[in-house]
Amino acid sequence: MFKPVTAETPQQQIDTLRAELVHHEHLYYVLDDPQITDAQYDKLMNRLKALEAEHPDLVTPDSPTQRVGGKVKEGFAKVAHSRPMLSLDNVNNEAELRAWADRVTGSLHPNDVLEFTCEYKLDGLSLALQYAGGALQTGVTRGDGSVGEDVTANVRTMRSVPLSVSTDKRKAAGLPADFEVRGEVVMPQTSFLKLNEERERAGQSPAANPRNAAAGTIRTVEPSVVAQRRLDYYAYFLLKDGEFLLPTQSETLAALAAAGFRTNPHARTVGTVDEVLAFVGKAEAQRDALGYEIDGVVIKVNAVSQQRRLGFTGKAPRWAVAYKFPARGAVTQLLDVLFQVGRTGKLTPVAALAPVGIGGITVARATLHNPDEIARLGVRIGDFVAVERGGDVIPKITEVVDDAEHPRGTRDIVFPTRCPKCKEPVLREEGEIDFRCVNASCPARLSEELLHFASRGVMNIEGLGEAMVAQLLGHPINDPVSLPADDLPAADNTEQTAEEPTRAALVHTVADLYSLSKETRCELKFPPSEAEQAKAAKEGKVASARRLGEKRGTLLYEQIQRSKQSPLYRVLLGLGIRHVGERTAQDLAGSFGSMDAIMAADAEALVQAEGIGPIVAQTIYDFFQLEKNRALIEALRKAGLQFTAEKKTIGDTLAGLTFVLTGTLPTLTRDEAKEWIEAAGGKVSGTVSKKTSHVVAGEEAGSKLDKARELGVSVLDEAALLQLLG
Ligand code: IVH
């Protein structure tokens, strides 16, 4: 067959394709100005992939084909920053801004010409990128400001982050081969909405705001998942060996853009505070039309020489400040108060509002938290209220508006005496703020129990979120319910909303999850999503419910089976005992070693355990006395969950002894030392008391060592501990 003769070597063809792809990625992801279609882009990419497959020796880490594929470094390795990543002090109004500018002027020389660079304050998370030889080496989150987490594999998937900056571009931009970029990762609103729609479909609870979604995405362990969500990176600092490279912030932004980074196009450098204020005003006006969240304006002294003289206070520079926008709000009428029943039976009042647009979103609900909050606000039904939307999707009521235009409401908010879901009595215990439904098998509580049981920090059953739980229970969940009519003081509300199940429930306790089969999915029908409804409506049709697909159904089944391996402390956590959080669950599992031992313990024995106080001990004891709870535990045992704490054991030479660790030991880490002591039957406590058998002290031991000496407790070094361990 005729084969076209090309003068180009494979290397040349690969180089050309890479340059084209990098160029088009830059146009699309950095400049928002695509010049080819997605299909054309895919074609170029596929040609490059094919060539690289034929010539694997020519693959380089900065090839556009290599964005996805790396692995997240073992549990996100900790990396120290070249210099601290600081936060900013805030100003909230003109006067505070002027006061800041006056302080700046006052600290500089009278002849200094002062300029301010104004940038949008992007509502995301900051990220440092290290480049060496022009190639991206690491992407590290801010962390605590000094040490962040290595998220390089995920950062590589973000197409607005160049994998390398060519020598030509570096020359043009004045960049050395090794440099550091700092900037903000944000999730654009469209991709946030898409993500939440997906989460809802998968039965997961939606992210509260784009910032949380971006932060969660960048810490996802699967880079291919990150690659599917659009995250943008806006660069704003350029460093070399921990120092700013260029003499001004405006030159920094220009150089970053010239090097191929995405910078925010709205940044301006101005000479007066009035101009700064004008910039703030414009930014606020544009806020809802940007397609990404901003929560203010960052104002930076432009000259680095002046920045140096101004220096820092604590955690923030004196040379920059954040002008925070006021929360977006509106005034609307409180039409009714509905009640949501939580996992512990707690009733949360939810405001039903006359729908009002705030910052591009229609708000019809707001949280009222608890009876104290209602009393604090002094709010009645019919009142006009000020509603604020912070960064989050769920807004809150800040005050009652009471003026000539806004007459006061007339009906007091009354908490129901019976649960709006199950009609059983509602009680407020002595000294408690909240009202609770007393019915342990209230269907509203069950849905919350299931969600808690399945959540990431507990049994971690992916795919078992709100939508799925609603399906398993056969009725909608989490909808706040209006007061039952017989509970109302006035007869002006006839709405009767106690819920009728639409279908029999498939689960009645968390243990029932383990008797679901793969085929259960055939009984689940999901209502069409809003997008599907809209699409069908366009075609003049009505969208129909979907069955759970085989893939998702199998995945859920497998997740449930896998969760059986979760350690004992997570099972304890999953039981939802009041006051038992992760730490207490770990203490219980660690001290008693098995579910049976915990169940057999009385309150006195429970108090003896590390970290358990008398109230918690009593609650735990009471929990295990209830027949219903014992039955649930037996069902979980039958299902095959972990009922013993897995521990390495090396005998019981230290049984009955309590140790306290302090300072840095020469060879063992604190955790290792703890593990060894526990493996030998000993206990490790955090505080020194008379009950302490030995304090193990290393270098720079502090107050615990002093306390040990004071109480005459024996003090060991690591060698002595190892000897004890044999
Ligand atoms: S400068 C030392 N510039 O705001 C200066 N920060 O409240 C600190 N942020 O941690 C960073 N947009 O995550 C800077 N244009 C911008 C910013 C920005 C958003 C975030 C950043 C920082 C936080 C400080």
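By convention here, the first residue in the shown sequence is residue 1. Atoms within each ligand, like the ligands themselves, are counted from 1 in listed order.
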S.K.: Please work out, at 4.0 Å between heavy atoms, whether the side chain, the backbone, both, or neither of Phe237 comes within that distance of ligand 1.
M.R.: side chain

S.K.: Starting from atom 19 (C) of ligand 1, what is the nearest protein heavy atom, named by residue and atom, and what distance separates them?
M.R.: Leu122 O, 3.1 Å

S.K.: Answer side chain, backbone, both or neither: which part of Val298 comes under 4.0 Å from ligand 1, heavy atoms only.
M.R.: side chain

S.K.: Among all protein heavy atoms, pick out the one at the shortest distance from atom 15 (N) of ligand 1; state its residue, atom name and that distance to 0.1 Å.
M.R.: Glu119 OE1, 2.9 Å

S.K.: Do Asp274 and Thr272 get their side chains close enough for a donor-acceptor pair, meaning under 3.5 Å?
M.R.: no

S.K.: Among all protein heavy atoms, pick out the one at the shortest distance from atom 3 (N) of ligand 1; state its residue, atom name and that distance to 0.1 Å.
M.R.: Lys300 NZ, 3.0 Å

S.K.: Is the ring centre of Phe116 less than 6.0 Å from the ring centre of Phe279?
M.R.: no

S.K.: Among all protein heavy atoms in this structure, tell me which lies nearest to atom 5 (C) of ligand 1, with the distance rounded to 0.1 Å.
M.R.: Leu88 CD2, 3.6 Å

S.K.: Ignoring angles and geometry beyond distance, decide whether Pro317 reaches within less than 3.5 Å of ligand 1 through its nitrogen or oxygen atoms.
M.R.: no

S.K.: Is the NZ or CZ atom of Arg308 both under 6.0 Å from the centre of the six-membered ring of Phe244 and within 45° of that ring's axis?
M.R.: no

S.K.: Which atoms of ligand 1 have any heavy atom of Leu86 under 4.0 Å away?
M.R.: 2 (C), 8 (C), 10 (O)

S.K.: Can you sort out which atoms of ligand 1 are near Glu184, meaning under 4.0 Å from one of its heavy atoms?
M.R.: 9 (N), 13 (O), 19 (C), 20 (C), 21 (C)

S.K.: Hey, is ligand 1 close enough to Lys121 that some N/O pair sits below 3.5 Å?
M.R.: yes

S.K.: Examine Trp319 against ligand 1 and note whether any of their N/O atoms are separated by less than 3.5 Å.
M.R.: no

S.K.: Who's the nearest protein heavy-atom neighbour of atom 18 (C) of ligand 1, and how far?
M.R.: Tyr236 OH, 3.5 Å

S.K.: Which of these, Tyr234, Tyr233, Tyr131, sits in a ring pair (Phe, Tyr, Trp, His ring centres under 6.0 Å) with Phe261?
M.R.: Tyr131

S.K.: For ligand 1, which atoms, with element, lie under 4.0 Å from some heavy atom of Ser126?
M.R.: 10 (O), 13 (O)

S.K.: Report the residue from Lys324, Arg211, Arg287 that forms a salt bridge (Lys or Arg N to Asp or Glu O under 4.0 Å) with Asp123.
M.R.: Arg211

S.K.: Looking only at the side chains, is there a donor atom on one of Arg219 and Thr141 sitting less than 3.5 Å from an acceptor on the other?
M.R.: no

S.K.: Check whether any side-chain heavy atom of Phe325 sits under 4.5 Å from a side-chain heavy atom of Val297, and report yes or no.
M.R.: yes

S.K.: Heavy-atom distances under 4.0 Å decide this one: backbone, side chain, both or neither, for Met85 against ligand 1?
M.R.: neither

S.K.: Under a 3.5 Å threshold, yes or no: a donor from one side chain and an acceptor from the other, between Tyr41 and Glu25?
M.R.: yes

S.K.: Whether the Gln286 and Tyr120 side chains hold a donor-acceptor pair (N or O, under 3.5 Å, no angle test) is what I'd like checked.
M.R.: yes

